[in-house]
J.: 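My structure is below; once you've seen it, I'll send some questions.
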Amino acid sequence: MCDRQHSIELSNINDNEKFSYPIILLKGNIANRCEIDSLKVQINTHEFPASKDVRFFNEKRGQFKVLFRLDPGENVLVLTYCRSKIELNLFFEQSGNPFCVIPLYIICDGHDGTYQSDDAENGIENACNKITLGIELVQSLYAEKLSEKGFGRKTFTIGSRCSPFYSTLPVEKSKKMTEQQLWSYFGKEILQSELFVSDKLKFIGFISSTYYEGILDNDFSYANIKRRTTGNAALGGGGLALFGTGCLYTWPNRLEEIIPAFLSNKSVDRSLMMDDSNHRYTYAGCFATTIGSVCHEIGHIFDLGHTKNGIMGAELDHINRVFTLITQTEDLPGRIVGHSVQQQTNRRLTQIKRPGEFLLKYQQQKESDVTYFTDNCAITLQWHKWFNDYSNSGAISEDNNCVTRLTFNFITKHVTSVNSNLKLIEIRDKNDGMLKTFWSFLDTTTDQFQIPFDVKLDGLTLFVIDNYGNILKQDL
């Protein structure tokens, strides 16, 4: 111990805070730190290694980020640094929201269920463990990003651990199908299965038989990687978000592996293994980009459209920065965002970087983790039924004969809500779902809004959500 007066300051969590999800990101700073000690964290009876151990901690110049899992009920969190100590009580209660998501590991007929990997541990149980952990991480990220927007720690509910779903689709046939065709086939199959017991369920599927045949001609462009990969997808909408498992080999299997996975500089052997890292060519890059893709496509099943920036736009590659204290900047190619389940175009395309763009990226990456929901997306999630348990809120519905209704008058351009209040109106491009403009009504009780007549609506889509999570989507 030393003679300095230290202070452990937390930036994102308060004493007696309640959580509806288990994996927690703790962020903070040690003021007036010394060089002879390191931060220690204890959650209940489990004491974490010192902050120099990267398995749970990422600590630089007094700043720290820690990942830990809460037990159901009350949890006691103790942080100690030299002579300083703080104690918090944190509470975890699983949400009872009947609107939830179910992760599935989809195994085509004739496939053994192993995913492509450079590790022998690539069986069904291992895959389900990785997927469950990954979706829990996305759940935590959604809560953290909505909290940063001032909406509290709202997030979606995971209905169960990932489990295998045995499809009737022959694996050889799946290799010849586009991601749109795969999404349509599996979506219909899941809806007709015994899993679909309610329209309050949405599904997140991962295809076990994704296969990268390798590249020997040194053409490692994304287009060529895509051509050499079968049974692959990254597509979300309606009740299903569907993904390939080409980079599942880079995903962690346990909580203590998450931060090392985000920091791994291990190079991908692109001649043998699929690389989806947006030109970083590392295991960390693949994990960050593919978990970012999951964050993005899950957003579509929660009715989010595309935005120029943010998680639903160009900033889906930097999820690693949310959970780590990476200081180096990355000048990655920009993304042209704009793909929906109705389109057959390529999901991710890169555009040539503009002069001076790197300077802007450098400053943004120095000041933040570059991962966020734009205001309109955050508002949608704030009121969405998958993020709120309205069952005990007195929300009116058809069940009590008092119907809520959202309508649009094409002549007068009035959006009207009956028995509810408007919260967000968006105008999106009908082809790619890109946001054109929006109006929000967070602090008012508006039940009618007239879209200005100077807003041209041809070829666009209207999106409306009210304070009970009811949604209107109307092609204009």
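Note: hydrogens, waters and symmetry copies are ignored here, and every other heavy atom, side chains too, is used.
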J.: With R161, which residues qualify under side chain to side chain contact (heavy atoms under 4.5 Å, CB included), at least two apart?
T.: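 Applying side chain to side chain contact (heavy atoms under 4.5 Å, CB included) to R161 gives N129, T132.
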J.: A quick test of your reading: do over 12 heavy atoms of other residues, nucleotides or ligands sit less than 6.0 Å from CZ of R69?
T.: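 For R69, atom CZ is crowded (more than 12 foreign heavy atoms under 6.0 Å).
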J.: One pair to check against side chain to side chain donor-acceptor pair (under 3.5 Å): N29 and Q63. What are the steps and the verdict?
T.: CA-CA 4 Å; N29 181 69; Q63 290 183 304; 5.4 Å; no
J.: So, taking the atom named CG in N232 and the one named CD in E179, what distance separates them when rounded to the nearest 0.5 Å?
T.: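 Going from the CG atom of N232 to the CD atom of E179 covers 7.5 Å.
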J.: Side chains of T371 and E315: any donor to acceptor distance under 3.5 Å?
T.: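 Distance-only check fails for E315 and T371.
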J.: Which pairs pass side chain to side chain donor-acceptor pair (under 3.5 Å) with one or both residues in residues 449-464, sequence neighbours excluded?
T.: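 Sorted result for residues 449-464: T461-D475.
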J.: Are the side chain of Y185 and the backbone N or O of S174 linked by a donor-acceptor pair below 3.5 Å?
T.: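 Not confirmed, Y185 side chain does not pair with S174 backbone.
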J.: For S160 and I102, which heavy atoms make the closest approach, and how far apart are they?
T.: OG-CG2, 3.7 Å
J.: Give a yes or no on whether a salt bridge exists between D303 and K473, defined as a side-chain N under 4.0 angstrom from a carboxylate O.
T.: yes
J.: Is the centre of the F99 ring less than 6.0 Å from the centre of the F387 ring?
T.: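 When the ring centroids of F99 and F387 are compared, they turn out to be at least 6.0 Å apart.
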J.: Return the set of residues passing side-chain hydrogen bond (donor to acceptor under 3.5 Å, both in side chains) with D71 (not counting sequence neighbours), or none when no residue passes.
T.: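 side-chain hydrogen bond (donor to acceptor under 3.5 Å, both in side chains) list for D71, sorted by chain: N44.
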J.: For T289 and C286, indicate whether the former's side chain and the latter's backbone hold a donor-acceptor pair under 3.5 Å.
T.: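 No: the side chain of T289 does not pair with the backbone of C286.
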J.: Has T245 got a side-chain atom pairing as donor or acceptor with L248's backbone, closer than 3.5 angstrom?
T.: no
J.: Can you sort out the partners of K200 under side-chain hydrogen bond (donor to acceptor under 3.5 Å, both in side chains), two or more places apart, ordered by chain and number?
T.: none
J.: Backbone N or O of M312 within a donor-acceptor pair of the H306 side chain at under 3.5 Å?
T.: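 No.
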J.: If we ignore hydrogens and angles and just use 3.5 Å, is the side chain of E297 paired with the main-chain N or O of L242 as donor and acceptor?
T.: no
J.: Between L25 and I13, what is the shortest heavy-atom contact and its length?
T.: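 The answer is O-CD1, 3.6 Å.
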J.: The test is ring-ring contact (aromatic ring centres under 6.0 Å, His included); show your working for F206 and F243 and say whether it passes.
T.: CA-CA 5 Å; F206 291 79; F243 305 93; 5.2 Å; yes
J.: Using a 3.5 Å distance criterion without hydrogens, assess whether the side chain of Q139 forms a donor-acceptor pair with backbone atoms of F156.
T.: yes
J.: On a heavy-atom basis, which atom in C108 and which in L169 lie closest, and how many Å separate them?
T.: CB-O, 3.2 Å
J.: Verify whether one side chain among N421 and D447 offers a donor that lies under 3.5 Å from an acceptor in the other.
T.: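 Per modelled atom types, N421 and D447 side chains form no pair under 3.5 Å.
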J.: Search all heavy atoms of V101 against all heavy atoms of P103 and return the closest pair with its distance.
T.: O-CD, 3.9 Å
J.: Report yes if the side chains of F186 and S167 come closer than 4.5 Å at any heavy-atom pair, otherwise no.
T.: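 F186 vs S167: side chains touch.
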J.: Is a donor from one side chain sitting under 3.5 angstrom from an acceptor on the other, for W251 and T290?
T.: yes
J.: For the pair S95 and S20, evaluate side chain to side chain donor-acceptor pair (under 3.5 Å) and give the outcome as yes or no after the intermediate values.
T.: CA-CA 5 Å; S95 169; S20 63; 5.6 Å; no
J.: Would you sort out whether H414 and T416 count as a side chain to side chain donor-acceptor pair (under 3.5 Å), showing the intermediate values?
T.: CA-CA 6 Å; H414 278 98; T416 304; over 6 Å; no
J.: Give a yes or no answer on whether the side chain of N14 reaches the backbone of E17 with a donor-acceptor pair at less than 3.5 Å.
T.: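 It does not hold such a pair.
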J.: Keeping the roles fixed (side chain from D466, backbone from W383), state whether a donor-acceptor pair exists under 3.5 Å.
T.: no
J.: In sequence, state the C-alpha distance, the side-chain angles, and the governing distance for E426 and T380, and then conclude on side chain to side chain contact (heavy atoms under 4.5 Å, CB included).
T.: CA-CA 10 Å; E426 288 183 359; T380 296; 4.1 Å; yes
J.: Applying ring-ring contact (aromatic ring centres under 6.0 Å, His included), can you list everything that pairs with F19, at least two apart in sequence or on another chain?
T.: Y21
J.: Is it the case that more than 12 heavy atoms not belonging to E93 sit under 6.0 Å from its CD atom?
T.: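 Open.
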J.: For T445, check side-chain hydrogen bond (donor to acceptor under 3.5 Å, both in side chains) against everything at least two apart and list the hits.
T.: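 Result, side-chain hydrogen bond (donor to acceptor under 3.5 Å, both in side chains) vs T445: none returned.
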J.: Does H300 use its side chain to pair, donor to acceptor, with the backbone of L235 at less than 3.5 Å?
T.: no
J.: Apply side chain to side chain donor-acceptor pair (under 3.5 Å) to the pair Y115 and K130, showing each step before the final yes or no.
T.: CA-CA 11 Å; Y115 61 92; K130 288 189 172 195; 3.3 Å; yes
J.: How close do L77 and F68 get, heavy atom to heavy atom, and via which atoms?
T.: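 Looks like CD2-CZ, 4.1 Å.
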J.: Begin with the C-alpha distance, continue with both residues' side-chain angles, and end with the deciding distance and a verdict on salt bridge (charged side-chain N to carboxylate O under 4.0 Å, His left out) for D369 and K145.
T.: CA-CA 11 Å; D369 58 30; K145 292 304 164 181; 2.6 Å; yes
J.: Between F373 and Y142, is the ring centroid distance below 6.0 Å?
T.: yes
J.: Give the minimum heavy-atom separation between N388 and Q382, together with the two atoms involved.
T.: ND2-O, 2.9 Å
J.: Rounded at 0.5 Å granularity, tell me how far CD1 in I106 sits from OG in S208.
T.: 8.5 Å
J.: Quick one: does T307's side chain have a donor or acceptor within less than 3.5 Å of a partner on N309's backbone?
T.: yes
